[in-house]
Amino acid sequence: MIQIRLQNTKSRRKEVFEPIDPANVRMYLCGPTVYDRAHIGNARPVVVFDVLFRLLRHVYGADHVTYVRNLTDVDDKINAKAAATGRPIREITDETIAWYHQDMAALGALSPTHEPRATDYIGEMILMIEELITSGHAYAAQGHVLFDVRSFPEYGRLSGRSVDDMIAGARVEVAPYKRDPMDFVLWKPSEAGVPGWDSPWGHGRPGWHIECSAMSHALLGAAFDIHAGGIDLQFPHHENEIAQSSCAHPGCGFARVWMHNEMLQVEGKKMSKSLGNFFTVRDLLDQGIPGEVIRMVYLGTHYGKPMDWTTDKAKAAEATLRKWRGLVAGVAPARAPAPAVVAALADDLNTAGAIAALHELAAQGDLAGLRASAALLGLLEDAMGGWAEVPEVDLSDLTARLADLRQAAMASKDFSAVDALKSALMGAGVEVRMSKAGVELLPGPEFDPARLEALK
RNA sequence: GGCGGGUUGGCGGAGAGGUUACGCAGCGGAUUGCAAAUCCGUGAAGACCGGUUCGAUUCCGGUACCCGCCUCCA
């Protein structure tokens, strides 16, 4: 059995991964709030932990891994969008979910085993909140239910801070009904026009954090293996999840390993709408950057480090993928990925190291191995290769013409006509290869048939 | 203010206490009418200051700078 080691945010250490049940390895990833297109920062954890999913399936068997990624379809941002556009909430969330599925599929992310929608688990959330009240970890006040952070001594452990530290320097929402400023909302009242459900505390809706606690419990149980997400979620979201789940199901342990990916920048700066460097995945796809290329760029940086999205990287990734796709075309994948690639991924998901190992395979000419290994990273798969296909064109006439011109030039020593045709061909994106053996023309990535017409 | 991450050759980006990362670009060569593609070869690094060590870019401490979270945002 391959030993997987993962950096656990909870212990701040790289630990040997030992599943609770090797026959059912369980992971949970915090998914999107569905009010708008996913931006490229949202997509990083999806791609990174898709590789983890693939690795776990490889090691424990495809039928022995359960991957849950939720869809948050109840949220004030969604409400705001509905109010601003006058559209029904369900229409907005359904549309956004469809976009999300398209965009993540374009990045080669496998579908999770389960994709629960928060609104389908309101009952479970209410039940969990009732348990928390009963056990003294939560209290109702003025239509709200709040989690009592002082009732959970470990609160703050994941993010390495104490409640007192946080209050000292933080801007916290002061509300008269809170016992402690750090107490957070489990349930809040819904005014007219805002989605709400009947509950023991009146008509209302859940707070943000409780959904993940309720859904992970429903689908993965009180204890599971891996909980992942962006580092920005470490506090407060994951901290609050731990508090809720640990108190609702004492002694179960909740998630064993917490994994967090670092943030993404664009050309060295924080991505933000105000800087004008804000991109959705769809923006990049529409610019003609293939999903596989975006994926390759993501995997070129270890997930634990900040990643910089640059157009240079996209170009480099595209060139590499094009080269590899050319090499493996028509080659059947080996039965198993190369040990070096598996070893790199098993070492805390070292995707950059794995890509280096792919380069080695390519250099050694182990194309079957390259293909099988790349698949573990979700690369070089048939389904994603459409972008790299060169158009089928008959260039035999032009090949013959160039060959004849060259033949004549060899005798006359005047190559001007040959060079003229050559540069015209290159201008049309045709790769021109001339050797002693003869002339060869190949459509390149920039191939433009329209420009070729002019040569006829 | 509190918590956390980062700083590696021209660029991107890993591992490892002592032995080539790797890729791109560059340079030299083969090949070519010239190129392209391909192949061979090659220079180049680890923010700064201390400590541990026979030896550190790798471990420890400090400094500087950058970034993130603590607040709706990933």
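In what follows, every chain begins at residue 1, and chains take the letters A, B, ... in the order their sequences are listed.
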Proximal nucleotide (of [options]) relative to the [X] side chain:
{"X": "A352(A)", "options": "rA21(B), rG13(B), rC72(B)", "value": "rG13(B)"}
{"X": "M434(A)", "options": "rA35(B), rG13(B), rA36(B)", "value": "rA35(B)"}
{"X": "D419(A)", "options": "rA21(B), rG33(B), rC70(B)", "value": "rG33(B)"}
{"X": "K77(A)", "options": "rG68(B), rA35(B), rC73(B)", "value": "rC73(B)"}
{"X": "E431(A)", "options": "rC69(B), rG15(B), rA36(B)", "value": "rA36(B)"}
{"X": "R12(A)", "options": "rG4(B), rG23(B), rU32(B)", "value": "rG4(B)"}
{"X": "N350(A)", "options": "rA35(B), rA14(B), rC72(B)", "value": "rA14(B)"}
{"X": "F235(A)", "options": "rC70(B), rG33(B), rA14(B)", "value": "rC70(B)"}
{"X": "D347(A)", "options": "rA14(B), rA35(B), rG15(B)", "value": "rG15(B)"}
{"X": "K436(A)", "options": "rC72(B), rC70(B), rU32(B)", "value": "rU32(B)"}

In terms of side-chain geometry, is the basic nitrogen of [X] or [Y] positioned less than 4.0 Å from the acidic oxygen of its partner?
{"X": "R87(A)", "Y": "E95(A)", "result": "yes"}
{"X": "E440(A)", "Y": "R406(A)", "result": "no"}
{"X": "R282(A)", "Y": "D103(A)", "result": "yes"}
{"X": "D283(A)", "Y": "R37(A)", "result": "no"}
{"X": "R401(A)", "Y": "D397(A)", "result": "no"}

Please determine whether the number of non-hydrogen atoms from other residues, nucleotides or ligands lying under 6.0 Å from atom CZ of R150(A) exceeds 12. yes

Hey, is rG46(B) sitting syn or anti, using the within-90° cutoff around 0? syn

A side-chain contact here means heavy atoms from C-beta on lying under 4.5 Å apart; do P116(A) and L71(A) qualify? no

What's [X] touching, base or sugar-phosphate or nothing? Going by heavy atoms closer than 4.0 Å.
{"X": "K413(A)", "result": "nothing"}
{"X": "Y35(A)", "result": "sugar-phosphate"}
{"X": "H39(A)", "result": "base"}
{"X": "R406(A)", "result": "base"}
{"X": "Q265(A)", "result": "sugar-phosphate"}
{"X": "L264(A)", "result": "base"}

Tabulate below the donor-acceptor pairs under 3.5 Å that side-chain atoms of residues 350-359 of chain A make, not counting sequence neighbours, or state none.
residue : atom : partner : partner atom : Å
N350(A) : OD1  : G353(A) : N            : 2.8
T351(A) : OG1  : L299(A) : O            : 2.7

Rounding to an integer number of Å, can you tell me how far [X] [atom1] sits from [N] [atom2]?
{"X": "L358(A)", "N": "rG15(B)", "atom1": "CG", "atom2": "P", "value": "16 Å"}
{"X": "K14(A)", "N": "rA14(B)", "atom1": "NZ", "atom2": "P", "value": "12 Å"}
{"X": "L379(A)", "N": "rG23(B)", "atom1": "CG", "atom2": "C1'", "value": "14 Å"}
{"X": "Q7(A)", "N": "rG5(B)", "atom1": "CD", "atom2": "C1'", "value": "11 Å"}
{"X": "K188(A)", "N": "rC72(B)", "atom1": "NZ", "atom2": "C1'", "value": "11 Å"}
{"X": "Q234(A)", "N": "rC70(B)", "atom1": "CD", "atom2": "P", "value": "11 Å"}
{"X": "N261(A)", "N": "rG4(B)", "atom1": "CG", "atom2": "C1'", "value": "14 Å"}
{"X": "K315(A)", "N": "rG23(B)", "atom1": "NZ", "atom2": "P", "value": "21 Å"}

Quick one: is [N] close enough that its OP1 or OP2 comes under 4.0 Å of any side-chain N or O from [X]?
{"X": "K305(A)", "N": "rG13(B)", "result": "no"}
{"X": "K323(A)", "N": "rA37(B)", "result": "no"}
{"X": "S159(A)", "N": "rC3(B)", "result": "no"}

In dot-bracket, 5' to 3', how would RNA chain B read with Watson-Crick or G-U wobble pairs under 3.5 Å, [ ] for crossing ones and | for pairs to another strand? (((((((..(((.....[...))).(((((.......)))))....(((((..]....))))))))))))....

Rounding to the closest angstrom, what is the interatomic distance between rG15(B) and rU58(B) at atom C1'? 10 Å

Expressed as a whole number of Å, how far does the P atom of rA16(B) sit from that of rC49(B)? 26 Å

Short side-chain donor-acceptor distance under 3.5 Å, N70(A) and E115(A): no

Kindly indicate whether the side chain of D348(A) and the base of rG15(B) share any N or O donor-acceptor pair separated by less than 3.5 Å? no

On RNA chain B, does the nearest nucleotide to P236(A) precede the nearest nucleotide to E360(A) from the 5' side, or the other way round? Give the residue. E360(A)

Going through the distances and angles, do Y298(A) and Y303(A) end up as a ring pair (Phe, Tyr, Trp, His ring centres under 6.0 Å)? CA-CA 8 Å; Y298(A) 282 138; Y303(A) 75 89; over 10 Å; no

